K.L.:
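Have a look at this one.
Here the structure is a predicted model, which means the values were calculated and not measured.
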Amino acid sequence: MLAIRRTLYSLRKYSSTSRIYDIKSLLKNQSINQKISVNGWVKGIRKQKELSFIDINDGSSSQKLQIVVPTEKIPPGVGYHTSVSALGTLQASQHKGQSVELITEVIELIGGPQIENYPFKARKRHPQDYVRQFLHLRARTNTFSSMLRVRSQAKLAVQEYFNKEHFINIDTPILTANDCEGGGEVFLVQPLFAEVGSQASLSTKYFGHPAYLTVSGQLHLEAMASGLSKVYNFNPAFRAENSQTRRHLAEFWMVEAEEAFLSGPEGLQKLMNRIEDLLKTSLQCVLDKSEEDVSTHWKQNECTEELVKTALSQPFIHMTYDEAMTLLQENSQHFQTKPTLGDDLGKEHELFLTKHAGNRPVFVTDWPKKTKAFYMRQRDDNSDVVLGVDLLLPGIGEVAGGGLREDRPQILRKELDSRGLIDNLQWYLDLRTFGGGAPSGGFGIGFERLLLFVLGVDNIKDVIPFPRWGKHCSC
Ligand code: 4AD
């Protein structure tokens with residue numbers, strides 16, 4: 001006890017005169033011969049009679065710092081993934097794979113001692129579906145913490161792109177009165193009143209009408225674009241689809257953009273150019289800034305690097321829905337569900353199209369009206385076809401959906417009427433009926449699906465900190 005107290009005292013004494021670095025800046029600045037304090041978790045420990053070598057990592061990067069410490073100074077209980085604080089002098093290292101090491105004078109155990117039933121073992125790569133059982137502990141594993149750093153960087157890269165292109169960031173509401181996509185996959189929101197009543201009536205009681213968690217911020221973005229021209233959001237979206245797939249979540253993040261003054265097939269072309277430019281610029285930025293974390297993942301799934309580099313270096317492929325359907329029907333022997341003209345595409349069809357395109361991303365445009373939502377702009381020359389677009393990525397399938405918006409009030413009114421939406425969405429119709437409305441187009445990119453693509457991760461639940469899906473929302 002006395003020894004521990006003495007150690008703590010000496011660490012605090014030194015800490016007040018030394019700088020506390022995160023390991024990323026420490027390895028970058030390489031302040032040789034300086035007195036330094038670091039905090040981190042033990043990732044490896046080799047004890048020898050006189051000296052011991054402990055690898056620590058603090059999550060600031062995937063890199064570890066080796067601390068060299070007299071074995072007798074290691075407090076009892078230090079072991080795999082215990083947290084420690086160390087103080088010493090940074091020196092150039094002779095060891096392979098590291099440029100510096102900390103010659104440590106004082107080491108303190110911060111958290112409790114190592115416990116026996118800790119679910120993760122040192123130097124063992126656990127399968128992701130095992131790691132997923134411990135959502136609250138997964139940030140402590142190398143692969144998942146790598147993913148989280150890439151996710152953070154990707155979010156920043158998307159925001160930087162929009163900022164550079166003069167898009168205004170809009171916080172669209174989470175509580176809404178509409179089901180933007182019309183798929184009926186909304187979560188109903190209600191207060192927790194201790195009153196007896198039907199689900200719908202409790203929600204209605206609070207707001208005066210049913211309210212839902214948003215499935216998309218698009219309609220609200222359109223309202224903002226009618227005054228600001230170029231807008232975007234980066235929000236959670238919620239869908240009560242109970243599909244237990246590796247591509248769906250009940251709560252996911254969507255990057256949505258809306259741009260005014262886009263019309264006709266040229267407008268749709270500009271929209272696709274925008275999506276392609278956004279993806280290429282932000283993904284390249286992620287590769288540049290998160291090289292090590294990305295390569296940690298690429299090593300686990302070898303074809304990913306080539307897919308991502310092809311997507312970044314080659315133009316995306318464009319085809320109409322009819323062209324895609326012809327191709328699919330010519331190859332219908334490959335599919336479990338036969339492709340049917342007029343129907344939406346299934347995942348197997350989407351994957352076939354990107355593979356057929358030489359593993360390049362594919363835009364599919366000009367969709368049958370009945371496959372898309374009420375807001376899609378009908379073509380001037382064929383009102384059964386809408387100027388919508390889906391972007392398909394190799395190995396993933398659909399990553400983005402969007403298109404031009406119906407800007408003719410009489411047609412929009414008819415669409416809203418025929419779906420019984422007119423009362424709820426009168427405000428949306430106003431955007432077209434009041435002077436000053438301008439034709440616009442936009443898109444939404446599923447952020448988690450984009451991460452699946454860039455990292456080659458197989459399951460969407462492994463690219464979001466706390467995934468929510470059917471029967472899973474407890475942690
Ligand atoms: O194609 P979606 O439904 O398009 C919209 O929501 C439009 N209102 C967007 C817009 O134009 N502003 O969804 C866009 C993308 C999909 O392509 C997919 O990547 C992702 O959102 N997505 C999901 N991701 C994870 N889990 C789910 N349940 C998802 N549903 C859609």
Side-chain angles (χ1 to χ4, degrees), residues 151-183 185-187 189 211-240 248-262 267 270-279 281-283 285-286 372-376 388-391 398-405 425 427-428 430-431 437-451 460 463-465 468:
R151 187 179 164 112
S152 166
Q153 190 58 58
K155 200 167 180 182
L156 210 57
V158 167
Q159 288 163 338
E160 276 169 2
Y161 173 86
F162 280 125
N163 196 37
K164 184 171 68 65
E165 295 290 321
H166 304 149
F167 277 71
I168 311 296
N169 178 241
I170 302 292
D171 297 317
T172 50
I174 301 297
L175 294 176
T176 73
N178 70 71
D179 170 6
C180 170
E181 297 308 301
E185 288 161 346
V186 287
F187 285 100
V189 177
Y212 314 106
L213 294 180
T214 182
V215 294
S216 160
Q218 176 195 323
L219 306 186
H220 295 95
L221 272 188
E222 285 187 52
M224 299 296 113
S226 73
L228 295 170
S229 291
K230 296 196 285 187
V231 292
Y232 80 100
N233 71 5
F234 202 134
N235 271 16
F238 306 86
R239 302 214 178 162
H248 290 89
L249 291 165
E251 177 184 277
F252 64 100
W253 286 71
M254 195 171 6
V255 180
E256 292 182 273
E258 194 68 27
E259 205 166 334
F261 306 106
L262 293 183
K270 281 189 190 156
L271 193 71
M272 290 188 279
N273 293 347
R274 173 67 71 194
I275 300 173
E276 186 167 343
D277 192 34
L278 163 66
L279 290 186
T281 310
S282 48
L283 291 188
C285 175
V286 171
K372 295 290 178 191
F374 72 90
Y375 51 72
M376 287 274 180
V389 58
D390 278 6
L391 175 64
E398 184 200 326
V399 73
L404 301 194
R405 318 308 187 189
L425 286 174
W427 67 268
Y428 182 73
D430 281 355
L431 300 176
S440 72
F443 57 87
I445 298 176
F447 186 52
E448 283 77 21
R449 291 194 190 172
L450 191 60
L451 291 171
I460 198 163
V463 289
I464 186 164
R468 271 84 179 87

K.L.:
For W253, does its backbone N or O pair with a side-chain atom of E448 as donor and acceptor, under 3.5 Å?
P.N.:
yes

K.L.:
How long is the span from the CG atom in N235 to the CD1 atom in I170, to the nearest 0.5 Å?
P.N.:
10.5 Å

K.L.:
Looking at side-chain heavy atoms only, is the closest gap between E181 and K372 below 4.5 Å?
P.N.:
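A side-chain contact under 4.5 Å is absent here.
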
K.L.:
Got L283 and L450 here, is their nearest side-chain heavy-atom distance under 4.5 Å?
P.N.:
yes

K.L.:
With N163, which residues qualify under side chain to side chain contact (heavy atoms under 4.5 Å, CB included), at least two apart?
P.N.:
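With sequence neighbours excluded, N163 shows a side chain to side chain contact (heavy atoms under 4.5 Å, CB included) to no residue whatsoever.
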
K.L.:
Could E251 and R239 be called an ion pair, given the rule that one side-chain N must be under 4.0 Å from one carboxylate O?
P.N.:
no

K.L.:
Restricting to non-hydrogen atoms, name the atom on A260 and the atom on A438 that form the minimum distance, rounded to 0.1 Å.
P.N.:
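The pair with the smallest heavy-atom distance is CB-CB, 4.4 Å.
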
K.L.:
R274 vs Y161, test: side chain to side chain contact (heavy atoms under 4.5 Å, CB included). Steps then yes/no.
P.N.:
CA-CA 11 Å; R274 173 67 71 194; Y161 173 86; 2.9 Å; yes

K.L.:
In Å, rounded to the nearest 0.5 Å, how long is the span from NZ of K230 to CZ of F162?
P.N.:
10.5 Å

K.L.:
Please report the closest heavy-atom contact between M254 and G444, naming both atoms and the distance.
P.N.:
SD-CA, 3.8 Å

K.L.:
Might you point out which heavy atoms bring G388 and M376 nearest each other, and give the distance in Å?
P.N.:
CA-SD, 3.7 Å

K.L.:
For residues 216-226, which side-chain donor-acceptor pairs fall under 3.5 Å, sequence neighbours excluded?
P.N.:
| unit_1 | atom_1 | unit_2 | atom_2 | d |
| --- | --- | --- | --- | --- |
| S216 | OG | Q218 | N | 3.1 |
| S216 | OG | E256 | OE2 | 2.6 |
| Q218 | OE1 | Y375 | OH | 3.1 |
| Q218 | NE2 | E222 | OE2 | 2.8 |
| E222 | OE1 | Y428 | OH | 2.7 |
| E222 | OE1 | R432 | NH1 | 3.1 |
| E222 | OE1 | R432 | NH2 | 2.7 |
| E222 | OE2 | Y428 | OH | 2.9 |
| S226 | OG | A223 | O | 2.7 |

K.L.:
Quick one: does any side-chain atom of R405 pair with a main-chain N or O of P439 as donor and acceptor, under 3.5 Å?
P.N.:
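The answer is no, because no donor-acceptor pair under 3.5 Å joins these two groups.
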
K.L.:
Is K155 positioned over the aromatic face of F234, cation under 6.0 angstrom from the ring centre and no more than 45 degrees off axis?
P.N.:
yes

K.L.:
How many angstroms lie between atom CG of D277 and atom CG of N273, to the nearest 0.5 angstrom?
P.N.:
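Separation between the atoms: 8.0 Å.
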
K.L.:
Verify side chain to side chain contact (heavy atoms under 4.5 Å, CB included) between V186 and L213, making sure each step is shown before the conclusion.
P.N.:
CA-CA 7 Å; V186 287; L213 294 180; over 6 Å; no

K.L.:
To the nearest 0.5 Å, what is the distance between CG (L156) and CZ (R151)?
P.N.:
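Separation between the atoms: 13.5 Å.
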
K.L.:
Testing the basics here: between A177 and Y212, what is the closest heavy-atom pair and its distance to 0.1 Å?
P.N.:
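Of all heavy-atom pairs spanning A177 and Y212, the closest is O-CE1, 3.6 Å.
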
K.L.:
Can you name the side chain to side chain contact (heavy atoms under 4.5 Å, CB included) partners of A240, sequence neighbours left out?
P.N.:
F187

K.L.:
Calculate, to the nearest 0.5 Å, the distance between atoms CD and OG belonging to E258 and S440 respectively.
P.N.:
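E258 CD to S440 OG: 4.0 Å, rounded to 0.5 Å.
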
K.L.:
Report yes if the side chains of L279 and L391 come closer than 4.5 Å at any heavy-atom pair, otherwise no.
P.N.:
yes

K.L.:
Test D171 against N233 for side chain to side chain contact (heavy atoms under 4.5 Å, CB included), laying out the working first.
P.N.:
CA-CA 6 Å; D171 297 317; N233 71 5; over 6 Å; no

K.L.:
Do you know the tightest heavy-atom contact between P236 and T214?
P.N.:
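Distance-wise, the nearest heavy atoms are O-CG2, 3.8 Å.
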
K.L.:
Given the rule in the side chain to side chain contact (heavy atoms under 4.5 Å, CB included) test, do N169 and V231 qualify, once you have shown the distances and angles that lead to the verdict?
P.N.:
CA-CA 6 Å; N169 178 241; V231 292; over 6 Å; no

K.L.:
Taking the side chain as every heavy atom from C-beta outward, state whether F238 and I174 have any pair of such atoms under 4.5 Å apart.
P.N.:
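A side-chain contact under 4.5 Å exists here.
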
K.L.:
Would you give the length of the straight line joining atom CG of D179 to atom CG of L425, rounded to the nearest 0.5 angstrom?
P.N.:
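The CG atom of L425 is 9.5 Å from CG of D179, to the nearest 0.5 Å.
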
